[in-house]
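One structure is given here, and the rest of the page talks about it.
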Amino acid sequence: MTVEQPFWLKPLNQMSEQEWESLCDGCGKCCLNKLIDDETEEVYFTNVACTLLNDKSCECSRYPNRFKYVPDCYRVTADNVATTTWLPPSCAYRRLHEGRGLPSWHPLLTGSKSEMHKQGMSIRRKVLSEDQVGPDPDLIGYIVVWPLDEVE
Ligand code: SF4
Ligand code: SF4
């Protein structure tokens with residue numbers, strides 16, 4: 001008898017579109033404004049979220065046609081995940097690319113987002129919208145460290 005392996009153990013470039021999309025834990029952390037040091041390339045996350053991010057569901061409110069509203073939104077793919085260095089350490093795409101597997105709280109393992117929220121691994125109720133902080137805010141004052149925390 002052969003037991004089929006979970007799809008997330010496959011190489012990233014062999015996943016179907018549906019499998020790829022379902023890898024996303026829906027944490028919302030990649031939708032935060034970030035500052036990147038030009039010299040060191042160090043990434044600093046802020047608690048200022050994209051205007052389309054829902055801070056309760058942690059989902060994009062216009063995901064299917066988000067590029068129409070936010071042209072600089074970014075699509076993570078198997079081809080660019082290695083060079084997308086600003087993904088938070090907990091991001092499923094980053095973790096799988098680095099051979100770290102999914103964390104224990106990932107919705108694919110637990111069946112829902114509850115454990116992720118409970119363990120503080122999402123942006124839920126921790127962020128401000130770009131609309132609240134106004135145009136061209138000094139993002140340095142909004143830097144936070146929590147997107148870098150990890151729970152295995
Ligand atoms: S950080 Fe990664 S896993 Fe979390 S929402 Fe963004 S793409 Fe999905
Ligand atoms: S457009 Fe949607 S997916 Fe893109 S950064 Fe904004 S909330 Fe996130």
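- In this structure, the side chains of Glu19 and Lys10 come closer than 4.5 Å at one or more pairs of heavy atoms.
- Under the 4.5 Å side-chain heavy-atom criterion for Ile, Leu, Val, Met, Phe, Trp and Tyr, Val127 and Leu35 are members of distinct hydrophobic clusters.
- Under the salt bridge (charged side-chain N to carboxylate O under 4.0 Å, His left out) criterion, Lys34 pairs with no residue, sequence neighbours left out.
- In this structure, Asp25 contributes its side chain and Leu108 its backbone to no donor-acceptor pair below 3.5 Å.
- Annotation: cation-pi pair Arg66/Tyr63 present, NZ/CZ under 6.0 Å from the ring centroid and within 45° of its normal.
- In this structure, SG on Cys73 lies 8.0 Å from CG on Leu52, to the nearest 0.5 angstrom.
- Two different hydrophobic clusters hold Val151 and Leu96 under the rule that ILVMFWY side chains link at heavy-atom gaps under 4.5 Å.
- Other residues, nucleotides and ligands place no more than 12 heavy atoms under 6.0 Å from the CD1 atom of Ile140.
- The structure places OG1 of Thr110 at 8.5 Å from CE of Met116, a figure rounded to the nearest 0.5 Å.
- The hydrophobic clustering, which links ILVMFWY residues whose side-chain heavy atoms are closer than 4.5 Å, places Leu9 and Val81 together.
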*Check against side-chain contact (heavy atoms from CB on, under 4.5 Å), Asp79 and Asn13*: CA-CA 8 Å; Asp79 291 332; Asn13 61 7; 5.6 Å; no
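- Within the structure, ring-ring contact (aromatic ring centres under 6.0 Å, His included) contacts touching residues 1-34 (residues at least two apart or in different chains) are Trp20-Tyr93.
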Which pairs would a plain distance check flag for residues 38-48, meaning a side-chain donor or acceptor within less than 3.5 Å of a matching protein atom at least two apart in sequence or in another chain?
{"residue": "Thr40", "atom": "OG1", "partner": "Glu42", "partner atom": "N", "Å": "3.2"}
{"residue": "Thr46", "atom": "OG1", "partner": "Asn33", "partner atom": "O", "Å": "2.8"}
{"residue": "Thr46", "atom": "OG1", "partner": "Val48", "partner atom": "N", "Å": "3.1"}

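- In this structure, the side-chain hydrogen bond (donor to acceptor under 3.5 Å, both in side chains) partners of Arg94, at least two apart in sequence or on a different chain, are Glu98.
- Scanning both residues, Pro147 and Val144, for their nearest heavy atoms gives CD-CG2, 3.7 Å.
- Between Leu102 and Ala92, the shortest heavy-atom distance links the atoms CD2-CB, 3.9 Å.
- The shortest side-chain heavy-atom distance between Glu150 and Arg100 falls under the 4.5 Å cut-off.
- Applying the side-chain hydrogen bond (donor to acceptor under 3.5 Å, both in side chains) rule to Ser114 yields the partners Ser112; only residues at least two apart in sequence or on another chain are considered.
- The backbone N or O of Asn54 sits nowhere less than 3.5 Å from a side-chain atom of Ser61 that would complete a donor-acceptor pair.
- Under the 3.5 Å distance criterion, with hydrogens and angles disregarded, a donor-acceptor pair is assigned to the side chains of Asp131 and Thr51.
- Placement of Leu53 and Val76 within a single hydrophobic cluster is found when ILVMFWY residues are connected by side-chain heavy-atom separations under 4.5 Å, directly or transitively.
- Arg124 contributes a side-chain N or O that, together with a main-chain N or O of Lys56, makes up a donor-acceptor pair within less than 3.5 Å.
- In the hydrophobic cluster analysis, where Ile, Leu, Val, Met, Phe, Trp and Tyr join through side-chain heavy atoms closer than 4.5 angstrom, Ile36 is grouped together with Trp146.
- Residues Cys50 and Val70 have side chains in contact (heavy-atom distance under 4.5 Å, counting atoms from C-beta outward).
- In this structure, OG in Ser122 is found 11.0 Å from CD in Glu59, a value given to the nearest 0.5 Å.
- For the pair Pro107 and Lys113, the tightest heavy-atom approach, listed with the atom from each and the gap, is CG-CG, 4.0 Å.
- Here the straight-line distance linking atom SG of Cys30 with atom CG of Leu87 works out to 7.0 Å at 0.5 Å rounding.
- Residue pairs meeting the ring-ring contact (aromatic ring centres under 6.0 Å, His included) criterion with at least one member in residues 94-142, sequence neighbours excluded, do not occur.
- With a 4.5 Å cut-off on side-chain heavy atoms, Pro89 and Leu148 count as touching.
- Taking OG1 of Thr77 as the start and CE of Met15 as the end, the distance is 13.0 Å to the nearest 0.5 Å.
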*Kindly determine whether Cys91 and Lys29 satisfy side-chain contact (heavy atoms from CB on, under 4.5 Å), including the steps that lead there.*
CA-CA 8 Å; Cys91 174; Lys29 290 189 279 198; over 6 Å; no
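- Rounded to the nearest 0.5 angstrom, Met121 CE and Asp149 CG are separated by 7.0 Å.
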